[in-house]
Amino acid sequence: RTDAERTGFAKQLELTITLPLGPNGADRAIDVTLLPRSQVRPSSSLLDGVYLHQFMPEQLNGPIGLIGKPLVADDGYEGETVWYDALSANPFVAKCSEPVSVDVQSRCIRSVYLGPGIAAVYGFDIDVLESWKQFDALIRSRLSKTGAL
């Protein structure tokens with residue numbers, strides 16, 4: 001890199017963190033994109049502001065404690081399901097897409113505010129949802145060890 005390319009602040013940081021969030025504590029890669037807070041709307045806010053208006057009537061069975069609601073096929077939501085904790089004031093919310101082939105799992109995204117000025121968008125395989133209660137704490141712990149928080 002040239003000196004010109006190294007000056008200034010990064011607009012985003014992308015990394016992958018491996019955490020024991022899979023079935024039976026299996027390691028799973030979590031893609032993390034750190035962004036300025038002003039560029040992210042948290043998934044919990046999207047639940048009420050966007051997703052709620054796109055829910056289909058049926059409810060899916062899934063991880064204990066999460067409600068799964070498929071989204072209507074309009075506006076690019078075809079094959080997507082929102083999984084959320086309905087009992088929390090600041091709920092865990094993740095939107096998952098159907099796999100693009102039979103050889104891969106569904107992928108999910110979740111966006112959160114981490115602190116003043118910083119937010120994160122997480123990408124992960126759907127089987128990580130089974131560990132949703134540990135998800136945020138484990139990621140925060142790992143990010144704080146890296147100096148990202």
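Computed over heavy atoms, backbone and side chain alike; hydrogens, waters and symmetry mates excluded. Residues take their numbers from the sequence shown, with the count starting at 1.
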Out of curiosity, Phe92 CZ to Lys133 NZ, how far, rounded to the nearest 0.5 Å?
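Here the interatomic distance stands at 12.0 Å.
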
Which distance, rounded to the nearest 0.5 Å, do you find between the CD of Gln134 and the CD1 of Ile139?
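Rounded to the nearest 0.5 Å, the CD-CD1 separation comes to 11.5 Å.
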
With sequence neighbours excluded, tell me which residues meet salt bridge (Lys or Arg N to Asp or Glu O under 4.0 Å) with Asp48.
none

Would you mind listing every disulfide (SG to SG under 2.5 Å) that reaches into [range], with sequence neighbours excluded?
range           : result
residues 14-49  : none
residues 63-111 : Cys96-Cys108
residues 21-77  : none

State, with a plain yes or no, whether a side-chain heavy atom of [X] is found less than 4.5 Å away from one of [Y].
X      : Y      : answer
Leu21  : Leu138 : yes
Leu19  : Asp27  : no
Leu52  : Leu47  : no
Tyr51  : Val93  : yes
Ile109 : Phe124 : no

Where at least one partner belongs to residues 53-70, residue pairs that pass side chain to side chain donor-acceptor pair (under 3.5 Å), sequence neighbours excluded
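Not a single pair qualifies under side chain to side chain donor-acceptor pair (under 3.5 Å).
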
With side chain to side chain donor-acceptor pair (under 3.5 Å) as the rule and sequence neighbours excluded, what pairs involving residues 81-90 come up?
Ser44-Asn90

Using every non-hydrogen atom in the two residues, find where Asp136 and Arg110 come nearest and quote the distance to one decimal.
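Heavy-atom minimum between the residues: OD2-NH2, 2.6 Å.
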
Could you tell me which non-hydrogen atom of Gly25 sits nearest to which non-hydrogen atom of Pro20, and how far apart they are?
O-CB, 3.3 Å

For [X], side chain to side chain donor-acceptor pair (under 3.5 Å) partners two or more places apart:
X      : result
Glu14  : Gln12
Arg107 : Asp31, Asp125
Asp127 : Arg28, Gln105

When clusters are formed by joining ILVMFWY residues with side-chain heavy atoms under 4.5 Å apart, either directly or through shared neighbours, do Leu66 and Leu60 land in the same one?
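As far as the 4.5 Å side-chain criterion goes, Leu60 and Leu66 are connected within one cluster.
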
Partners passing side chain to side chain contact (heavy atoms under 4.5 Å, CB included) against Glu80 (at least two apart in sequence or in another chain)
Leu71, Tyr77, Lys95, Ser97

Residues in side chain to side chain contact (heavy atoms under 4.5 Å, CB included) contact with Val102, at least two apart in sequence or another chain:
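With sequence neighbours excluded, Val102 shows a side chain to side chain contact (heavy atoms under 4.5 Å, CB included) to no residue whatsoever.
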
May I have the list of side-chain donor-acceptor pairs in residues 111-123 shorter than 3.5 Å, sequence neighbours left out?
residue : atom : partner : partner atom : Å
Ser111  : OG   : Arg41   : O            : 2.8
Ser111  : OG   : Ser43   : N            : 3.1
Ser111  : OG   : Ser43   : OG           : 3.2
Tyr113  : OH   : Val40   : O            : 3.2

What's the verdict on side chain to side chain contact (heavy atoms under 4.5 Å, CB included) for Thr33 and Leu13, showing C-alpha distance, side-chain angles and the deciding distance?
CA-CA 6 Å; Thr33 303; Leu13 175 64; over 6 Å; no

